[in-house]
Amino acid sequence: MPNRSILKIGLVMDATDLKVFEAVARHGSMNRAAAELNTVQSNVTARVRALELELGIQLFQRHARGVKVTPAGRRMLPFSARITKLLSDAKAAARDDGTPGGVLELGTLETTAAIRLPSVLASFTKAYPKVRPVVTTGTTCSLIEDVVECRLEGAFVAGPVDHPDLQQECLFREELVLVTPRSIRGIEELSSIDELKTIVFRVGCSYRIRLENLLTKVGIPVAQPLEFGSIDAILGCVAAGVGITLLPKGVVVAAWRDGQVAVHELESEFSEVQTVFIRRTDAYVSSALSAFLQIVRPGTELHVAAAE
C-alpha cells in the first residue's frame, strides 16, 4: 500500500507543481509567484491546493499579507529544489553536445564583480559567443543559499566554505584593508571617535563580519552599521567622513590614489581572504560552466587563445 501511494504522488506531482511551490515559498505570495512564473494567480492557487490535497498536508498558512510556509512545507522545500534541479540537469545533459551554449547563471560578490570578473567575462564571451552569462551579485551568505537551493549554477564567495552539499575551488586571493576618511592617520585614532559608524554591505557579508571582529579585538565600540548595496556608495560615505569600512585593496586603489580616502594595512588575520567558486556536488556541470571555469582559473590564458 505505501508503494502505491508513492507511485500515485509521483504521477501527479510534476516539475511544474514543484516549481510553483518553490516560487510561492520564496516570495511568500501567490501574486508575486504568479508574476515570476508569467501566469495568473488563480493557476498558482489551484496548483498549490491540488498539491496539498494530493499530499494530504498543508504546505502554506494563508494570512492577509500572503502565505507562510508550514513546518511540513519547510521540510519539503529542499527536496523540491533538488528534484526540480535534477530534472533541469537531465534536460541540459541530453541537449549538451559538448559545445558551450545557452544561459549560464552565476553569482558573485560585489567586489569580485568589480575587480575580477570584467576581464574574465570579456575573454569568456569572446571565446564562447553562444553562451549568455547572467550574473547576480549578493553577499556570501545569500549566494551560498542560492547555490544550495539550485537557483544558481555556481558563485564566487568569500572562503573557505564548509557545507555538505557544496564543493569549492579557490580562485583568487585578496588583501583586505581598512578604509577611513583622510583625517584618520591610524587605527589607534578610531577609539577617540564618538559613535564610530561602519559603512558596510547588508547582513551576510563576510567583510562586514571581519570588520566587526577587528574592531571588537581592539576594543573599539561602534554605532549601528550603515548598509549600502554598492561599492561606490560605501566609498562615497567614507570619503565624506561618515564612517569606515573594510574592502579588498584592489577596489579602493583608485579612490586612495585620488586622495579621497585613507587606506590602512592590517595583520594577516584580518587582511588575507580567499575568493572561492562554489557549486553543488551533485549538480550537472554543463559545457558552458566547464568552459567558464577553465578560463577563470589562474594560469589558463592558453585555453582562451586555443578557444579563439
Side-chain angles (χ1 to χ4, degrees), residues 104-127 133-144 146-147 152-161 168-180 182 198-202 204-211 214 227-239 243-279 289 291-301 303-304:
L104 179 61
E105 294 184 299
L106 303 172
T108 180
L109 301 171
E110 189 83 25
T111 51
T112 304
I115 61 179
R116 296 290 187 175
L117 288 194
S119 61
V120 169
L121 289 173
S123 297
F124 179 70
T125 53
K126 184 178 180 180
V134 177
V135 181
T136 301
T137 59
T139 65
T140 289
C141 288
S142 67
L143 292 171
I144 288 175
D146 285 342
V147 174
L152 296 172
E153 288 191 51
F156 295 94
V157 300
V161 173
Q168 62 180 322
E169 179 179 355
C170 181
L171 293 175
F172 311 119
R173 294 187 183 276
E174 309 291 357
E175 178 189 358
L176 300 181
V177 292
L178 183 69
V179 189
T180 71
R182 291 179 60 194
T198 54
I199 317 297
V200 292
F201 291 109
R202 64 182 183 273
C205 172
S206 61
Y207 302 155
R208 171 177 177 163
I209 296 171
R210 284 196 178 219
L211 178 57
L214 168 65
E227 297 182 3
F228 289 90
S230 74
I231 297 169
D232 288 342
I234 290 174
L235 288 177
C237 284
V238 174
I244 65 173
T245 193
L246 187 72
L247 289 171
K249 196 172 187 177
V251 170
V252 302
V253 164
W256 180 31
R257 288 175 179 169
D258 290 343
Q260 299 175 33
V261 298
V263 167
H264 311 273
E265 295 185 346
L266 302 169
E267 297 177 359
S268 60
E269 176 186 358
F270 297 103
S271 66
E272 295 179 1
V273 62
Q274 55 180 277
T275 301
V276 301
F277 187 83
I278 59 170
R279 62 180 180 84
L289 179 57
F292 178 80
L293 290 175
Q294 203 173 32
I295 284 180
V296 78
R297 288 181 180 120
T300 55
E301 291 81 4
H303 292 289
V304 181

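No hydrogens, no waters, no symmetry mates; every other heavy atom, side chains included, goes into these values.
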Any heavy-atom pair between the side chains of [Y] and [X] that's under 4.5 Å?
| X | Y | value |
| --- | --- | --- |
| R208 | F201 | no |
| L104 | F292 | yes |
| V135 | L121 | yes |
| V252 | V177 | yes |
| T140 | F156 | no |
| H264 | T180 | yes |
| V200 | I234 | no |
| I115 | F172 | no |

For V263 and V253, run side chain to side chain contact (heavy atoms under 4.5 Å, CB included): C-alpha distance rounded to whole Å, both residues' side-chain angles, the deciding distance at 0.1 Å, then the answer.
-> CA-CA 9 Å; V263 167; V253 164; over 6 Å; no

Indicate the atoms forming the closest heavy-atom contact of [X] with [Y], along with that distance.
| X | Y | value |
| --- | --- | --- |
| T137 | L143 | C-CD2, 4.4 Å |
| V147 | A155 | CG2-CB, 3.8 Å |
| A113 | P118 | O-CD, 3.1 Å |
| P248 | T111 | CD-CG2, 3.7 Å |

So, [X] side chain and [Y] main chain: donor-acceptor pair closer than 3.5 Å or not?
| X | Y | value |
| --- | --- | --- |
| S142 | G138 | no |
| T112 | T108 | no |
| T198 | T245 | no |
| Q168 | V161 | yes |
| R182 | G259 | yes |

So among I144, T136, L106, which one has a side chain to side chain contact (heavy atoms under 4.5 Å, CB included) with L152?
->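 Option passing the side chain to side chain contact (heavy atoms under 4.5 Å, CB included) with L152: T136.
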
Looking at V179, L247, L178, which one forms a side chain to side chain contact (heavy atoms under 4.5 Å, CB included) with L211?
->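 Answer after filtering V179, L247, L178: L178.
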
SB check R279 E169 (cutoff 4.0 Å) =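 So R279 does not pair with E169 through a salt bridge.
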
In sequence, state the C-alpha distance, the side-chain angles, and the governing distance for Q260 and L235, and then conclude on side chain to side chain contact (heavy atoms under 4.5 Å, CB included).
-> CA-CA 9 Å; Q260 299 175 33; L235 288 177; 5.9 Å; no

From [X] atom [atom1] to [Y] atom [atom2], the distance as rounded to the nearest 0.5 Å:
| X | Y | atom1 | atom2 | result |
| --- | --- | --- | --- | --- |
| E110 | Y207 | CD | OH | 11.0 Å |
| L171 | L293 | CG | CG | 7.0 Å |
| I199 | F228 | CD1 | CZ | 6.0 Å |
| S271 | E265 | OG | CD | 8.0 Å |
| C141 | I209 | SG | CD1 | 5.5 Å |
| K249 | E174 | NZ | CD | 12.0 Å |

